[in-house]
**Student:** 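The structure that follows is given in the form of structure tokens.
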Amino acid sequence: MPDNTAQKNSPSYRIAALDQDFILGDSTRGARFMLEYQKAEDALRARGIVSTIVVFGSARVREGNPWYEAARQFGRIASERGGALDGKDSGKHHVIATGGGPGIMEAANRGATEAGAVSIGFNITLPHEQEPNAWSTPDLTFRFHYFAMRKMHLAMRAAALVVFPGGFGTLDELFEIMTLVQTGKMPPVPIVLYDSAYWQGLINLERMRETGFIRPEDLKLFCYADSPEEGYRRIVEGAGESWTPKAVDKVQT
């Protein structure tokens, strides 16, 4: 019988789903993008995650920093009062979700865990590897290659957004959600900027209105808060009746 070793060892003979050279090639980028969506989606559905409260902010602050401690307290308050501890059968609502890394992200996940609730970490692969913080729920801790898919998952179930002080990444995530709401691609959600002095000193959004680049009503897309309690109150006030689990189900359908 002729020797067929060369045929068996050829890359073309590998099962496509098991061929890393093929899966990681340029032509299969779309398939990888789809897989990043589906893997996280399957896990979130299996855990019954219906809606989230997304917390953004700097990765550079550490425990003891006032912003860190405020995000930690907010994560606990929101988890205790928002429904993340309830809904074993009907699904979990208003679960804390972060970018999964250190700093503000760690603090919000930590507060949720200290309240006894699950929380989500959507990590991203970076040139200087981002390590997942130790406080997100292990089976709800994900890692993405594509920023776009990571931001999609952060937005998909968001019932509210709280943005603590941060840098370029925080601004990118903030304006992503604001643009989706402004353009009607996403249902209106409360957007709370934590620490009014920081945000008002950083960005003059009124200037955009003066030049006609945004509408006057666009300035109502967000509000400010200066304490964890005020932050959660602003969310409830901004959401109104939609803050009930029944209404959130309707929005997500």
**Student:** Looking at Glu131 and Arg143, does any basic side-chain N land under 4.0 Å from a carboxylate oxygen?
**Tutor:**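 No, no charged N to carboxylate O under 4.0 Å.
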**Student:** Can a salt bridge be assigned to the pair Arg29 and Asp26 using a cut-off of 4.0 Å between side-chain N and carboxylate O?
**Tutor:**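 The answer is yes: the pair qualifies as a salt bridge.
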**Student:** If we ignore hydrogens and angles and just use 3.5 Å, is the side chain of Asn133 paired with the main-chain N or O of Gly101 as donor and acceptor?
**Tutor:**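 Indeed, once roles are kept as given, a pair shorter than 3.5 Å links the two residues.
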**Student:** Look up atom CD1 in Ile96 and atom CZ in Phe74, then write down how far apart they are to the nearest 0.5 Å.
**Tutor:**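 It is 5.0 Å, given to the nearest 0.5 Å.
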**Student:** Does the separation of the ring centres of Phe33 and His145 fall below 6.0 angstrom?
**Tutor:**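 Aromatic pair excluded; centres sit 6.0 Å or further apart.
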**Student:** Under a 4.0 Å N-O cut-off, is there an ion pair linking Glu173 with Arg150?
**Tutor:**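 Judged by the 4.0 Å cut-off on N to carboxylate O distance, Glu173 and Arg150 do form a salt bridge.
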**Student:** Ring centroids only, cut at 6.0 angstrom: are Trp199 and Phe222 within range, meaning strictly under it?
**Tutor:**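 Ring centroids of Trp199 and Phe222 are no less than 6.0 Å from each other.
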**Student:** Given 3.5 Å as the limit, does a donor-acceptor pair link the side chain of Thr28 with the main chain of Gly25, or not?
**Tutor:**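 A pair under 3.5 Å: yes.
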**Student:** Regarding Glu114 and Arg76, does a basic nitrogen lie under 4.0 Å from an acidic carboxylate oxygen?
**Tutor:**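 Arg76 and Glu114: not salt-bridged.
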**Student:** Test Asn65 against Glu69 for side-chain hydrogen bond (donor to acceptor under 3.5 Å, both in side chains), laying out the working first.
**Tutor:** CA-CA 6 Å; Asn65 178 286; Glu69 298 306 328; over 6 Å; no
**Student:** Any carboxylate oxygen within less than 4.0 angstrom of a Lys/Arg side-chain nitrogen, looking at Glu106 and Arg62?
**Tutor:**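 No.
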**Student:** With a 6.0 Å cut-off (strictly less than), is the heavy-atom count around CD of Gln20, excluding the residue itself, greater than 12?
**Tutor:**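 12 or below, so no.
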**Student:** Over 60° means perpendicular and under 30° means parallel, so classify the ring planes of Phe144 and Phe142, tilted if in between.
**Tutor:**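 Aromatic pair Phe142/Phe144 classed tilted.
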**Student:** Between Glu41 and Arg45, does any NZ, NE, NH1 or NH2 come within less than 4.0 Å of an OD or OE carboxylate oxygen?
**Tutor:**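 A salt bridge is present here (some side-chain N lies under 4.0 Å from a carboxylate O).
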**Student:** Would you say the side-chain atoms of Tyr194 and Glu230 include a donor-acceptor pair closer than 3.5 Å?
**Tutor:**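 Short answer, no.
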**Student:** Should Arg207 and Glu210 count as an ion pair when the cut-off is N to O under 4.0 Å?
**Tutor:**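 Judged by the 4.0 Å cut-off on N to carboxylate O distance, Arg207 and Glu210 do form a salt bridge.
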**Student:** Do Glu63 and Arg110 sit within salt-bridge range, that is, some charged N less than 4.0 Å from a carboxylate O?
**Tutor:**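 Here Glu63 pairs with Arg110 in a salt bridge, since their nearest N and O are under 4.0 Å apart.
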**Student:** Any chance OH of Tyr13 has more than 12 other-residue heavy atoms, nucleotides or ligands included, within less than 6.0 Å?
**Tutor:**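 Check fails, neighbour count at 12 or below.
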**Student:** Look at the side-chain heavy atoms of Ile, Leu, Val, Met, Phe, Trp and Tyr, link any pair under 4.5 Å apart, and say whether Leu202 and Ile191 land in one connected group.
**Tutor:**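 The answer is yes; both residues are in one hydrophobic cluster.
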**Student:** Does the distance from a Lys or Arg side-chain N to an Asp or Glu carboxylate O, for Arg47 and Asp139, drop under 4.0 Å?
**Tutor:**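 Answer for the salt bridge query: yes.
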**Student:** Do Ile120 and Leu44 come within less than 4.5 Å of each other through their side chains, counting heavy atoms only?
**Tutor:**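 Of all side-chain heavy-atom pairs linking Leu44 with Ile120, at least one is under 4.5 Å.
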**Student:** Measure from the side-chain N and O atoms of Thr52 to the backbone N and O of Arg157, and report whether any donor-acceptor pair falls under 3.5 Å.
**Tutor:**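 The answer is yes, because a donor-acceptor pair under 3.5 Å joins these two groups.
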**Student:** Among side-chain atoms of Ser136 and Ser119, is any donor-acceptor pair under 3.5 angstrom?
**Tutor:**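 Side-chain D/A pair, Ser136 to Ser119: absent.
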**Student:** Closer than 3.5 angstrom, by distance alone: can the side chain of Thr170 be matched with the main-chain N or O of Phe56 as a donor-acceptor pair?
**Tutor:**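 Pair absent, no side-chain N/O of Thr170 close to backbone of Phe56.
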**Student:** Quick one: does Ser10's side chain have a donor or acceptor within less than 3.5 Å of a partner on Gln7's backbone?
**Tutor:**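 Side chain of Ser10 to backbone of Gln7: no pair is present.
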**Student:** Return the orientation label for the Trp243 and Tyr232 ring planes: parallel under 30°, perpendicular over 60°, tilted otherwise.
**Tutor:**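 Rings of Trp243 and Tyr232: perpendicular, over 60°.
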**Student:** Looking at CD of Glu217 and CZ of Arg209, how far apart are the two atoms once the value is rounded to the nearest 0.5 Å?
**Tutor:**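 Reported to 0.5 Å precision, the distance equals 11.0 Å.
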**Student:** Mark yes or no for whether Glu36, through its side chain, and Tyr146, through its backbone, hold a donor-acceptor pair below 3.5 Å.
**Tutor:**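 Pair found, side chain donor or acceptor close to backbone of Tyr146.
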